Protein chains: 2
Amino acid sequence: MYAEERQQEILGRARAAGRVDVVKLAEEFAVTTETIRRDLTVLERAGVLRRVHGGAIPVERLGFEPALAARDEVMTEEKERIAKAALAELPEDGAIVIDAGSTTGRLARALPGDRELTVIVNAPPLATMLATRANLTVIMLGGRVRGRTLATVDDWALRPLEDLHVDVAFMGTNGCSVGKGLTTPDPAEAAIKRAMIGAAERSVVLADHTKFSGVYLARFAALTEIDMIVTDSGLDPAVAADIAAAGPEVVRA
Amino acid sequence: MYAEERQQEILGRARAAGRVDVVKLAEEFAVTTETIRRDLTVLERAGVLRRVHGGAIPVERLGFEPALAARDEVMTEEKERIAKAALAELPEDGAIVIDAGSTTGRLARALPGDRELTVIVNAPPLATMLATRANLTVIMLGGRVRGRTLATVDDWALRPLEDLHVDVAFMGTNGCSVGKGLTTPDPAEAAIKRAMIGAAERSVVLADHTKFSGVYLARFAALTEIDMIVTDSGLDPAVAADIAAAGPEVVRA
DNA sequence: CGTGATCTTGCACTTTCTTGCAAACAACCA
DNA sequence: TGGTTGTTTGCAAGAAAGTGCAAGATCACG
């Protein structure tokens, strides 16, 4: 196993568990704690982890102080499958929007290396990850960066979207219901999402099945505006049928 | 078998398996490891693979950029001291701009946690790092993200700056000379830097002493526009005096 | 304020990488 | 055909990276 692979895996575990432990990692990878510490240093320098005494935590859950061992990323298996399935909707070339979010983040990571694409994002971590890819042109939407979601919002993010037209928007969501459509807790984020969908020829929503049981404050799209919803096999087929009846094609990966 | 064919085959295997091993490839293609290494170098230059110690990994498999961390491994001591010294120029509260760059990145990392500040950045990694801090409001400038420097450029980054006024701009630079002022290789980045300085009440440049021996394509500021230059003790005092005579206060940390 | 755990740092060892050079090979052009 | 030119490959020596070990510093927590 290469050092980079180990680091990748460590990052994944940190995001999944909300925190990793030096000694445990050393045991599981069968290396010494020094090696793990060096890995954590690399990851911290890359800006994706923050080291703490005994281990490290991913930057995106730094805002909340001390270790509520709350799992940050759940349903990783399903999200991976959803992202893979959504890749089928990628245009051969052209432009896409990728919304901020953990599932859409996996989609971004899985973008092929051999297709010339222009990618519009509003999440600084996504921009960092994608910008070094030789086959991609990355455009970052500006604006105030929300600490919670690490996504840009507000006026400066909205305005460029008015002048953009992309082939496909890959969107995340917090809630998805037949009656209320797609919802999210933050009105500012809802505004961005709405603008993203407005700028796109087709809109594809990536949502694991847990997202279909909640409704949040701000609606950013009705189901009729969405062309496809990619979810996992855990979604009740009856609900899937209801949604499909309301407009979007439903793919259960 | 031609080199080109072999490289395509290597790329195919890397994408299929997620990784390739130098020694194994050498055996299977019946060539020496040097040849394989040269192939991997070609593929890396094409932007489709990332070489790692012992082999290579396709870029789409990598979720973060390890190369980024490696970039600021030179002059770390000096950069750290420069960043610390520049902190003295922070306003009590108010707004600042932090330019993209490794030295300014260290400044960002060292920002105090007890001061209410609005921070304007054009580098996604900086935005990610700072956004989770409770005492900071982070505003990201949008635009196309350059892969080389991970900084946003072009029109959408420039326009918001016209409507902004900040107290201090902390700038990086590639070259700094008495005759030619502050220069950088990329005209698009020069435009952003120029706009940043224009939006700021005071401009502070962070530059280690190696920056004073080069001049690059595009000038983004004359020395008279700069209020202070923070550098390290490795700078020739005579040069420092020349610079100071041209306008900015020179601090040798 | 002490104690055990955790962290840093320097060093050594092994594996891997780079680089200069020469041989092998293909291509090109009288 | 034969000579020239440029590319590819292999070899060998020196450089660098990754890892583990050990000693000392630092931290968290009772």
Side-chain angles (χ1 to χ4, degrees), chain A residues 1-11 13-14 17-46 48-58 62 65-69, chain B residues 1-11 13-14 17-46 48-59 61-62 64-81 84 106 109-110 113:
Chain A
M1 168 173 253
Y2 304 132
E4 283 79 359
E5 294 179 292
R6 194 176 50 234
Q7 288 154 16
Q8 186 71 47
E9 177 65 23
I10 289 172
L11 177 58
R13 293 192 190 201
R19 149 161 202 142
V20 287
D21 180 277
V22 170
V23 177
K24 282 206 191 74
L25 287 174
E27 286 171 5
E28 295 185 31
F29 289 113
V31 294
T32 58
T33 57
E34 287 90 332
T35 300
I36 295 296
R37 283 185 231 285
R38 280 187 264 248
D39 288 337
L40 296 182
T41 303
V42 169
L43 290 164
E44 180 172 43
R45 272 229 257 259
V48 293
L49 282 190
R50 176 61 49 85
R51 297 196 56 182
V52 298
H53 199 77
I57 57 182
L62 261 183
E65 277 320 308
L68 257 298
Chain B
M1 168 174 257
Y2 299 117
E4 183 72 17
E5 296 179 79
R6 193 179 50 236
Q7 286 158 16
Q8 281 312 115
E9 176 64 22
I10 290 172
L11 177 57
R13 293 193 189 198
R19 62 176 299 189
V20 286
D21 181 279
V22 170
V23 177
K24 283 207 191 73
L25 287 174
E27 286 171 5
E28 295 184 30
F29 289 109
V31 294
T32 57
T33 58
E34 287 89 336
T35 301
I36 296 297
R37 283 187 233 284
R38 281 187 262 250
D39 289 336
L40 295 181
T41 303
V42 169
L43 291 166
E44 179 172 47
R45 273 217 255 273
V48 292
L49 284 190
R50 169 107 307 148
R51 295 197 58 184
V52 300
H53 200 80
I57 298 176
V59 286
R61 194 82 168 201
L62 239 31
F64 69 102
E65 194 46 59
L68 233 198
R71 196 173 298 173
D72 65 23
E73 297 231 323
V74 289
M75 313 281 304
T76 52
E77 280 286 317
E78 289 84 351
K79 287 176 176 175
E80 196 68 33
R81 286 207 309 277
K84 288 272 160 49
R106 284 167 186 275
R109 193 166 303 228

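Residue numbers begin at 1 in each chain, while the letters A, B, ... track the order of the sequences. Everything numeric here is computed off the predicted structure, so don't read it as measured data.
Partners of B:R6 by salt bridge (charged side-chain N to carboxylate O under 4.0 Å, His left out), not counting sequence neighbours, listed by chain and number: B:D39. Not a single salt bridge (charged side-chain N to carboxylate O under 4.0 Å, His left out) links B:E34 to another residue, sequence neighbours left out. Legend: residues meeting side-chain contact (heavy atoms from CB on, under 4.5 Å) with B:E78, ordered by chain and number and at least two apart, are B:M75, B:R81, B:D232. With sequence neighbours excluded, the residues satisfying side-chain hydrogen bond (donor to acceptor under 3.5 Å, both in side chains) with B:R51 are B:T41.
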Legend entry - Contact state string [nucleotides 21-30 of chain D, B base, S sugar-phosphate only, - no protein heavy atom under 4.0 Å]: BB----SS--
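Atom C1' of nucleotide C:dC25 and atom CD of B:E4 are separated by 18 Å, given to the nearest angstrom. The nearest whole Å value for the distance from the CG atom in B:D39 to the C1' atom in C:dT18 is 15 Å. Between A:L25 atom CG and D:dG20 atom C1' there is a gap of 17 Å when expressed in whole angstrom units. Atom-to-atom, CE of A:M1 to P of D:dT19 comes out at 11 Å; the value is rounded to the nearest Å. To the nearest angstrom, P of D:dT7 lies 19 Å from CD of B:E5. Between A:I10 atom CD1 and D:dG18 atom P the separation is 14 Å, expressed in whole Å. Whole-Å rounding puts the A:I36 CD1 to C:dT6 C1' distance at 14 Å. Taking atom CG of A:L40 as the reference point, atom P of D:dT19 lies 13 Å away to the nearest angstrom.
No engagement by B:V42 is indicated, since no non-hydrogen atom pair under 4.0 Å with the nucleic acid exists.
The phosphate of D:dG20 (OP1 or OP2) has a side-chain N or O of A:T35 nearer than 4.0 angstrom. Between A:R6 and D:dT19, a side-chain N or O to OP1/OP2 separation shorter than 4.0 Å is present.
Two residues, B:D21 and A:G54, neighbour DNA chain C, and the one matched to the more 5' nucleotide by heavy-atom proximity is A:G54. Both A:T33 and B:V31 lie close to DNA chain D; mapped to their nearest nucleotides by heavy-atom distance, the more 5′-ward contact belongs to B:V31.
Within the model, atoms CZ of A:R38 and OG1 of A:T33 stand 9.0 Å from one another, a figure rounded to the nearest 0.5 Å.
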For a quick test of your reading: what N or O donor-acceptor pairs under 3.5 Å do the side chains of residues 17-28 of chain B make, sequence neighbours left out?
from	atom 1	to	atom 2	distance (Å)
B:R19	NH1	A:E5	OE1	3.3
B:R19	NH2	A:Y2	OH	3.4
B:D21	OD1	B:V23	N	2.9
B:D21	OD1	B:K24	N	3.0
B:D21	OD2	A:Y2	OH	3.3
B:E28	OE1	B:R13	NH1	2.2

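Side-chain contact between A:I10 and A:F29 is present, with heavy atoms from C-beta onward closer than 4.5 Å.
Out of D:dT19, D:dT9, C:dT8, the shortest distance to the side chain of A:R51 is found at C:dT8.
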